[in-house]
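The structure under discussion appears below in the form of structure tokens.
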Amino acid sequence: MNEKTIQQEVNATAWAACDSFRGVIDPAHYKDYILVALFLKYVSDLWNDHYAEYKAQYGENDERIRRRLARERFVIPEVVLKDDKTGKVIDKFIGDFSSLYERRNESNIGDLIGIALEELEEANKLKLDGVFRNIDFNSEVNLGKTKDRNRRLKNLLEDFNKLDLRPSRVSEDVIGNTYIYLIERFGAEGGKKAGEFYTPKMVSKLLAALADPQPGDRICDPSCGSGSLLIEAAQNIEAKGSHDYALFGEEANGSTWALARMNMFIHSKDAARIEWCDTLNTPALVEDDRLMKFNVVVANPPFSLDKWGAENADHDRFNRFWRGVPPKSKGDWAFITNMIERALPQEGRVSVVVPHGVLFRGGAEGRIRRKLIEDNLLDAVVGLPGNLFPTTSIPVALLLFDRSREKGGERQRVKNVLFIDASQEFIPGKNQNQLSPEHLGKIVAAVKKRRAADKYAHVATLAEITENDFNLNIPRYVDTFEEEQEIDVAAVQREIDDLEKELAEVRIRMRQHLKALGVEGV
């Protein structure tokens with residue numbers, strides 16, 4: 001069986017496992033149970049595969065095998081259950097997926113899963129600390145009353161037991177792809193709630209490509225969701241033949257933060273530092289009481305977030321909002337400012353998804369936008385098609401900032417802004433439009449060439465932008481107007497006259513035919 005077939009099989013089996021929850025639980029909630037089950041099955045198969053390999057090497061020395069496994073990646077511990085009153089051991093098992101599958105008919109299966117996850121987390125604190133704290137396999141609210149809950153959990157275990165995820169059979173890429181596949185499917189089903197954890201794959205690829213991460217870079221996503229954008233950035237560097245990079249992220253939603261941690265682990269990027277925090281109000285990526293700085297900062301932050309913390313911005317201990325405080329009902333420029341302040345001075349690059357209002361709204365937003373342009377930080381504005389996201393049908397834009405354009409940076413002499421209108425180039429879909437690899441490649445090539453292209457790209461001078469009062473609305477710079485073909489009115493009238501003459505002749509012949517048939521008065 002080739003890898004493509006295996007990928008399709010794993011994807012289909014994992015997605016079918018959702019059937020026990022559909023129509024009963026909101027996708028935004030049941031995604032956590034599915035993804036945790038997939039994660040547990042993966043780490044169990046991985047651990048058992050390596051265990052068998054080392055057993056062949058070391059014989060029956062179980063403790064030595066466990067120490068070797070723990071040093072390399074992680075350990076799956078033994079679970080010991082005791083009677084609350086007597087302290088007597090009532091059950092003992094390795095806390096892996098197989099042990100839980102064997103106990104799938106137990107009346108306390110929710111408890112058993114929870115205990116196994118708790119022990120797994122405790123035994124691997126550096127990599128998994130807190131990852132499972134927000135998911136309750138005994139939740140009556142999410143999973144129903146005891147009988148229904150046990151049935152759903154049994155089905156979940158039976159569905160995932162069909163998967164063989166041993167590394168000796170399935171490559172790490174397949175597992176990672178399935179995890180991303182499920183996140184995308186949940187994103188498509190999740191509606192507005194999907195924005196908390198999901199950026200469409202091709203948008204992530206485009207953002208990462210435009211940020212152009214290099215070997216040795218520190219990369220940060222301060223609104224990282226499920227972490228897929230960070231993984232794309234890392235894969236860009238790996239495509240250059242290097243694994244020299246460091247990943248960092250912040251995420252405010254607890255269950256989404258856990259998702260990102262598991263996603264990193266499955267993609268063998270568990271050295272990534274992903275913090276659970278509010279990036280605007282209580283950032284956790286801090287060194288010596290200062291914001292950590294990064295070579296690359298990428299994000300798809302929440303669009304126009306209300307109540308983002310404007311009341312605290314004037315007293316921000318990191319002085320991020322010195323260019324101005326965005327309105328309390330729209331946090332777009334707060335997220336952008338936060339990203340720019342985290343980029344290394346005279347060096348760092350920022351790539352961010354924004355709603356179009358960011359380009360032209362006035363007031364405080366207009367003043368911040370003007371200051372950033374006057375500081376020569378804005379490098380490019382890219383307009384994308386509408387309906388790319390499950391969360392909104394509106395078209396979005398990408399803003400690229402480059403701090404190497406600051407005084408002392410290697411691009412300080414660049415004083416213009418590239419505008420690209422890619423809004424008309426997409427693959428139409430019934431529910432959601434798509435970007436193709438060709439569309440992505442065209443945008444990336446246009447940014448690198450940085451030249452005007454008819455009805456697609458324009459390089460605007462600071463004087464042009466100033467003349468437009470620092471309004472970045474793309475149609476002001478990229479003329480996509482198509483001239484209408486001139487109409488020869490006289491020729492059209494002659495054509496109408498000829499058609500009317502032909503019609504009159506047809507009517508005469510019709511009457512003659514009807515008369516010959518004995519049909520009168522028609």
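Just so you know, these numbers come straight off a predicted model, no measurement behind them. These numbers come from the heavy atoms of this one structure, side chains and all, not from hydrogens, waters or symmetry mates.
A donor-acceptor contact under 3.5 angstrom links the side chains of N11 and T178, judged on distance only. Side-chain contact of D244 with S242: a donor-acceptor pair under 3.5 Å is absent, judged by distance alone. Side-chain atoms of T466 and N468 form no donor-acceptor pair, as typed in the model, at a separation below 3.5 Å. A side-chain N or O of N338 and one of T279 form a donor-acceptor pair less than 3.5 Å apart. A donor-acceptor pair shorter than 3.5 Å cannot be found between the side chains of N471 and R369. No donor-acceptor contact under 3.5 angstrom links the side chains of E250 and S223, judged on distance only. Side chain to side chain, S139 and D136 fail the donor-acceptor criterion of an N or O pair below 3.5 Å. At a cut-off of 3.5 Å, with distance as the only test, no side-chain donor of N376 or Q412 sits close to an acceptor on the other residue. Between N177 and Q7, the side chains place a donor N or O and an acceptor N or O closer than 3.5 Å (distance only, hydrogens not considered).
With sequence neighbours left out, the salt bridge (charged side-chain N to carboxylate O under 4.0 Å, His left out) criterion links R361 to D332, E365. With sequence neighbours excluded, no residue satisfies side-chain hydrogen bond (donor to acceptor under 3.5 Å, both in side chains) with Q346. For the side-chain contact (heavy atoms from CB on, under 4.5 Å) test, residues two or more places apart in sequence or in another chain that qualify with D375 are W322, R323, K371, L377. In this view, V170 and I6, V174, I175 satisfy the side-chain contact (heavy atoms from CB on, under 4.5 Å) rule, not counting sequence neighbours. By the side-chain contact (heavy atoms from CB on, under 4.5 Å) test, N124 pairs with F74, V75, L120, L128, sequence neighbours left out. Judged as a ring-ring contact (aromatic ring centres under 6.0 Å, His included), and not counting sequence neighbours, the contacts of F321 are W308.
Not one N or O on the side chain of R342 forms a donor-acceptor pair closer than 3.5 Å with the backbone of L291. Not one N or O on the side chain of E251 forms a donor-acceptor pair closer than 3.5 Å with the backbone of T256. A donor-acceptor pair under 3.5 Å is formed between the side chain of D45 and the backbone N or O of L165. With hydrogens and angles disregarded, no donor-acceptor distance shorter than 3.5 Å links the side chain of E425 to the backbone of S423. Checked by atom type and distance alone, the side chain of W276 pairs as donor or acceptor with a backbone atom of A252 at under 3.5 Å. For the pair H267 (side chain) and M264 (backbone), a donor-acceptor distance under 3.5 Å is absent. For N433 (side chain) and G386 (main-chain N/O), a donor-acceptor pair under 3.5 Å exists by modelled atom type. When atom types are taken as modelled, the side chain of R133 and the backbone of G130 share a donor-acceptor pair closer than 3.5 angstrom. Checking side-chain atoms of K293 against main-chain N and O of E341 turns up a donor-acceptor pair under 3.5 Å.
Ring geometry for Y42 against F265 counts as perpendicular: the plane angle is over 60°, on a 0 to 90° scale with 30° as the lower cut.
Looking at L418 and V459, their side chains come closer than 4.5 Å, going by heavy atoms from C-beta outward. Residues Y30 and C18 meet the side-chain proximity criterion, which asks for heavy atoms closer than 4.5 Å.
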Go through it in stages, so that I can follow the logic: the residues are L163 and L38, the test is side chain to side chain contact (heavy atoms under 4.5 Å, CB included), and I'd like the CA-CA distance, side-chain angles, deciding distance and then a yes or no. CA-CA 9 Å; L163 291 175; L38 176 62; 4.3 Å; yes
Evaluate side chain to side chain contact (heavy atoms under 4.5 Å, CB included) for V286 paired with F318, printing each intermediate quantity in order. CA-CA 10 Å; V286 174; F318 303 109; 3.8 Å; yes
For V298 and V352, what are the C-alpha separation, side-chain angles and deciding distance, and is it a side chain to side chain contact (heavy atoms under 4.5 Å, CB included)? CA-CA 6 Å; V298 292; V352 57; over 6 Å; no
Could you go through the side chain to side chain contact (heavy atoms under 4.5 Å, CB included) check for K455 and V478 one step at a time? CA-CA 6 Å; K455 301 187 187 306; V478 182; 5.6 Å; no
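Ion pairing between a basic and an acidic side chain is recognised when a charged N comes within 4.0 Å of a carboxylate O; E238 and K240 show no such pairing. The residues D217 and R349 are annotated as salt-bridged, a charged nitrogen and a carboxylate oxygen being separated by less than 4.0 angstrom. Between R405 and D379 there is a salt bridge, since a side-chain N of the basic residue sits under 4.0 Å from a carboxylate O of the acidic one. By the 4.0 Å N-to-carboxylate-O rule, K328 lies too far from E311 to be salt-bridged with it. Salt-bridge formation is detected for the pair E9/R169: a Lys NZ or Arg NE/NH1/NH2 atom is positioned less than 4.0 Å from an Asp or Glu carboxylate oxygen. We find that E464 and R476 are not joined by a salt bridge, their nearest charged nitrogen and carboxylate oxygen being 4.0 Å or further apart. Using a cut-off of 4.0 Å between Lys/Arg side-chain N and Asp/Glu carboxylate O, D270 and K127 are scored as salt-bridged. The pair E438-K442 does not meet the salt-bridge criterion, since no charged nitrogen lies less than 4.0 angstrom from a carboxylate oxygen.
A cation-pi arrangement, defined by a distance under 6.0 Å to the six-membered ring centre and an angle within 45 degrees of its axis, is absent between K330 and F303. For the pair R218 and F294, the cation-pi test (distance below 6.0 Å, angle within 45°) is passed.
For the pairing with Y33, the ring-ring contact (aromatic ring centres under 6.0 Å, His included) check across F160, F132, F39, F137 returns one residue only, F137.
The environment of K448 atom NZ is sparse: at most 12 non-hydrogen atoms of other residues, nucleotides or ligands sit within 6.0 angstrom. Around the CD atom of Q8, the shell of radius 6.0 Å holds more than 12 heavy atoms that belong to other residues, nucleotides or ligands.
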